[in-house]
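Some notes on the structure that comes next.
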Amino acid sequence: MSGGMRLARCEPVMGEAARVVGVEEAEVLGFALRAMADGVAIVERSGRIRFVNRALAEAWGVPVPAILGRLAGDFVRLPGSPASLDTVLAAAVRGSWRGDLGRSGPDSPRGIWEVTFSRIGETDTLVGVFRDCSERQALDQLRADFLSMITHDIKTPLTVILGYTELLTEAESRPADMPPDILAHIRESGEKIHALVSNFLDVSRIEAGRLVLDRRVIDLGGVVTQAVDQLAWSARRKGLALSVESGTLPAVVADESQMERVVGNLVGNAIKYTAAGGAVRVTTGRHNGHVTVAVRDTGRGIPAHELPHLFEKYRRVRDKNRTEGTGLGLFIAKTIVEAHGGQIRVESAPGAGSTFTVLLPA
Ligand code: ADP
């Protein structure tokens with residue numbers, strides 16, 4: 001390496017280092033700093049950058065020579081705060097500073113780092129170590145979004161339940177003839193919360209690797225009928241025609257309750273995303289050594305560009321009149337079906353309805 005030349009660039013710090021530990025060791029240290037996977041910058045109190053290693057230059061997307069001599073504030077800033085980087089450097093000179101810094105710049109490039117600035121000896125020069133934490137940030141954001149969504153989606157039906165039960169339990173407000181709609185609203189809201197919590201529990205089970213299948217020879221037709229029966233009331237209430245067509249099927253080895261969850265999720269979605277007057281048809285059959293369950297609806301359908309991502313965790317298709325949901329149902333269904341050695345497919349077009357088909361080895 002051309003240690004001498006680079007050393008000169010970092011004067012007076014490297015010079016000072018050379019005086020303290022000797023030229024050779026200073027060169028080794030310089031080499032180590034440059035090779036580090038974490039970002040390293042040496043910055044004057046004024047913010048002027050004297051040294052930057054390759055990892056940091058790459059993360060900032062700017063070549064090393066274009067960084068040296070510029071101000072740190074041109075590249076990083078305190079995220080979500082109007083305070084300038086000067087506050088950070090002032091605090092660091094008094095001892096050390098630790099916190100998150102985001103990328104700054106006219107086209108506001110991405111990136112967030114957990115940074116520690118420490119004063120070098122008695123000098124007014126600081127060394128900053130930058131650790132990429134974009135992934136942690138993205139995950140925190142996802143978790144925060146998910147939490148706010150799930151609390152909102154639980155709060156709405158819970159408000160309905162509490163409102164109506166309050167009406168029914170207070171002697172003064174209790175209607176003499178209870179309108180049947182009240183109980184229906186309560187049941188519907190309870191079912192929404194139940195579906196949400198079940199999906200949430202399933203996902204944490206999957207994530208913890210605790211999805212255990214209790215495989216036995218099952219009557220898949222019976223499982224389908226059972227799952228559909230449980231949703232018959234919701235379909236009726238929404239004004240949808242829900243039907244099942246199931247012929248004799250070969251034996252399937254599967255976990256009965258998990259398969260009921262899969263069919264329940266698919267039929268539940270078909271009901272949720274189909275407007276009044278529509279139809280949901282569930283059929284079972286055979287295809288190339290597989291037993292199939294197809295759930296067909298006449299609902300809103302799904303745009304082609306969304307289809308490849310539909311089974312991803314938290315994935316939801318944006319719509320104007322926000323339908324409640326977590327984006328977990330299809331992810332769970334796919335995980336369960338694939339754990340059985342099967343497949344799940346979708347065919348859909350906006351306005352033309354959707355067909356979700358489960359294929360299980362016969
Ligand atoms: P959720 O319904 O809770 O949002 P899912 O994972 O079950 O989550 O579904 C993911 C997304 O796929 C839904 O948000 C919806 O946009 C779309 N989707 C699923 N099933 C259907 C269907 N039968 N018709 C139209 N869109 C659907």
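Since this is a predicted model, take the numbers as computed values, not measurements.
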**Asked** Can the positive tip of Arg131 be found less than 6.0 Å from the middle of the six-membered ring of Trp113, inside 45° of the ring normal?
**Response**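 Ring-cation test returns no.
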Electrostatic pair [X]:[Y] at N-O distance under 4.0 angstrom:
| X | Y | result |
| --- | --- | --- |
| Arg216 | Glu256 | no |
| Asp100 | Arg136 | yes |
| Asp86 | Arg45 | yes |
| Asp181 | Arg237 | yes |
| Glu338 | Lys334 | yes |

**Message:** What verdict does the side-chain contact (heavy atoms from CB on, under 4.5 Å) test give for Val267 and Val224, after you've listed the backbone C-alpha separation in whole Å, the side-chain angles of each residue and the deciding distance to 0.1 Å?
**Reply:** CA-CA 10 Å; Val267 177; Val224 169; over 6 Å; no
Heavy-atom check, side chain of [X] versus side chain of [Y], under 4.5 Å:
| X | Y | value |
| --- | --- | --- |
| Arg103 | Arg77 | no |
| Thr284 | Leu220 | no |
| Phe51 | Arg34 | yes |

Would you compute the distance between atom [atom1] of [X] and atom [atom2] of [Y] and round it to the nearest 0.5 angstrom?
| X | Y | atom1 | atom2 | answer |
| --- | --- | --- | --- | --- |
| Leu231 | Trp233 | CG | CH2 | 11.0 Å |
| Ile49 | Leu126 | CD1 | CG | 12.0 Å |
| Thr156 | Leu158 | OG1 | CG | 9.5 Å |
| Glu44 | Thr123 | CD | OG1 | 10.0 Å |
| Asn53 | Leu33 | CG | CG | 7.0 Å |
| Leu139 | Cys133 | CG | SG | 12.0 Å |

Where the side chain of [X] meets the backbone of [Y], is there a donor-acceptor pair that is under 3.5 Å apart?
| X | Y | answer |
| --- | --- | --- |
| Ser104 | Gly73 | yes |
| Arg50 | Gly69 | no |
| Lys313 | Phe331 | no |
| Ser246 | Gly221 | no |
| Arg119 | Glu122 | yes |
| Ser81 | Leu78 | no |
| Thr274 | Ile271 | no |
| Thr298 | Gly353 | no |
| Asp255 | Asp214 | yes |
| Lys238 | Ala275 | no |

**Request:** Ignoring hydrogens and angles, state whether a donor on the side chain of Ser96 or Ser118 is under 3.5 Å from an acceptor on the partner side chain.
**Result:**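 Absent: no donor and acceptor within the cut-off.
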**For the student: nearest non-hydrogen atoms of Ala276 and Leu240, plus distance** =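 Closest approach of Ala276 to Leu240: CA-CD2, 4.2 Å.
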**Prompt:** For the residue pair Val291 and Ala362, what are the closest heavy atoms and their distance?
**Reply:**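 Taking every non-hydrogen atom into account, CG2-CB, 3.8 Å.
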Residues 194-202 side chain polar contacts: donor-acceptor under 3.5 Å, at least two apart:
residue, atom, partner, partner atom, Å
Ser198, OG, His194, O, 2.7
Asn199, OD1, Arg261, NH2, 3.0
Asp202, OD1, Arg205, NH1, 3.4
Asp202, OD2, Arg261, NE, 2.8
Asp202, OD2, Arg261, NH2, 2.5

Could you point out which residue of [options] forms a side chain to side chain contact (heavy atoms under 4.5 Å, CB included) with [X]?
| X | options | answer |
| --- | --- | --- |
| Val358 | His290, His340, Met259 | Met259 |
| Val295 | Thr355, Val282, Thr357 | Val282 |
| Phe130 | Leu56, Val40, Val52 | Leu56 |
| Val228 | Val280, Val244, Val223 | Val244 |

**Prompt:** When clusters are formed from ILVMFWY side-chain contacts under 4.5 Å, directly or step by step, what else is grouped with Leu359?
**Reply:**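 In the cluster with Leu359 there is nothing else; it is isolated.
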**Chi angles and distances behind the side-chain contact (heavy atoms from CB on, under 4.5 Å) call for Ile186, Val160** = CA-CA 7 Å; Ile186 294 174; Val160 173; 5.6 Å; no
**Item:** Residues Arg98, Phe117; criterion side-chain contact (heavy atoms from CB on, under 4.5 Å); working and verdict
**Value:** CA-CA 6 Å; Arg98 188 189 188 126; Phe117 270 117; over 6 Å; no
Quick one: do [X] and [Y] end up in the same hydrophobic cluster if we chain Ile, Leu, Val, Met, Phe, Trp and Tyr together by side-chain heavy atoms under 4.5 Å apart?
| X | Y | result |
| --- | --- | --- |
| Val129 | Ile67 | no |
| Val203 | Ile336 | yes |
| Ile112 | Val115 | no |

**Request:** Please step through side-chain contact (heavy atoms from CB on, under 4.5 Å) for the pair Val93 and Asp124, ending with a clear verdict.
**Result:** CA-CA 6 Å; Val93 164; Asp124 257 5; 3.8 Å; yes
**Asked** Going through the distances and angles, do Glu191 and Arg187 end up as a salt bridge (Lys or Arg N to Asp or Glu O under 4.0 Å)?
**Response** CA-CA 6 Å; Glu191 283 178 353; Arg187 175 171 173 181; 3.1 Å; yes
**Message:** Test of understanding: with ring-ring contact (aromatic ring centres under 6.0 Å, His included), list the residues that count as partners of His185, not counting sequence neighbours.
**Reply:**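 Scan of His185 (ring-ring contact (aromatic ring centres under 6.0 Å, His included), adjacent residues dropped) gives Tyr164.
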**Request:** Check whether more than 12 heavy atoms from other residues, nucleotides or ligands sit under 6.0 Å from atom CD of Glu24, and answer yes or no.
**Result:**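 No, the 6.0 Å shell around CD holds no more than 12 heavy atoms from other groups.
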